[in-house]
Amino acid sequence: MRAVFADTFYWIALTSPRERHFDVVRTYDSLLSKARVYTTEEVLAELLTVATVREILGERSVRVIPQP
């Protein structure tokens with residue numbers, strides 16, 4: 001069985017249809033159906049952080065003050 005590593009980029013693109021790399025990663029993902037996919041807890045924590053930040057930024061009532 002083939003082993004591959006899935007980083008944050010892969011998971012974001014795979015789970016976000018509006019992501020510009022979604023189609024490419026989706027095609028690649030179909031090739032991995034017989035592979036063992038490895039990732040890390042750090043990657044998953046980063047993925048959740050990205051998803052949370054995107055959700056917060058999408059809120060019309062929230063204003064984010066940029067750092068200088």
Side-chain angles (χ1 to χ4, degrees):
M1 181 175 284
R2 204 162 110 204
V4 295
F5 179 76
D7 62 3
T8 307
F9 169 84
Y10 172 82
W11 294 117
I12 290 172
L14 185 65
T15 60
S16 304
R18 293 183 302 191
E19 177 69 35
R20 69 182 192 159
H21 299 291
F22 175 77
D23 291 330
V24 173
V25 171
R26 200 73 203 268
T27 300
Y28 183 71
D29 184 62
S30 67
L31 300 173
L32 298 179
S33 62
K34 295 183 180 175
R36 181 162 311 236
V37 179
Y38 290 89
T39 197
T40 64
E41 289 179 340
E42 289 83 359
V43 166
L44 297 178
E46 188 173 15
L47 174 65
L48 291 174
T49 301
V50 169
T52 301
V53 168
R54 283 185 177 174
E55 187 175 324
I56 291 168
L57 292 175
E59 288 292 325
R60 298 180 74 158
S61 62
V62 175
R63 298 292 181 258
V64 178
I65 301 169
Q67 289 185 302

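Model, not experiment: these values are computed from the prediction. This chain uses plain numbering: 1 for the first residue, then up along the sequence.
Under the rule for a side-chain contact (heavy atoms from CB on, under 4.5 Å), the partners of Glu59 that lie at least two apart in sequence or sit in another chain are Ser61, Val62. The side-chain contact (heavy atoms from CB on, under 4.5 Å) test applied to Asp7 returns Phe5, Phe9, Tyr10, not counting sequence neighbours. Contacts of Arg26 classified as side-chain contact (heavy atoms from CB on, under 4.5 Å), with partners at least two apart in sequence or in another chain: Leu14, Phe22. Scored by the side-chain contact (heavy atoms from CB on, under 4.5 Å) test, Arg2 finds Val4, Tyr28, Leu32, Ala35 as partners (sequence neighbours excluded).
Heavy atoms only, all atoms of each residue included: Ala6 and Thr39 are closest at O-OG1, 2.8 Å.
A salt bridge (Lys or Arg N to Asp or Glu O under 4.0 Å) check over residues 31-43, counting only residues at least two apart or in different chains, returns nothing.
Ser30 places a side-chain N or O within donor-acceptor distance of the main-chain N or O of Thr27, the cut-off being under 3.5 Å.
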Please output the side-chain donor-acceptor pairs of residues 46-57 that fall under 3.5 Å, not counting sequence neighbours, one pair per line with the distance.
residue : atom : partner : partner atom : Å
Glu46   : OE1  : Thr8    : OG1          : 2.8
Thr49   : OG1  : Ala45   : O            : 2.9
Thr52   : OG1  : Leu48   : O            : 2.8
Arg54   : NH2  : Glu19   : OE1          : 3.2

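Linking Ile, Leu, Val, Met, Phe, Trp and Tyr whenever their side-chain heavy atoms come within less than 4.5 Å leaves Val24 and Trp11 in two separate clusters.
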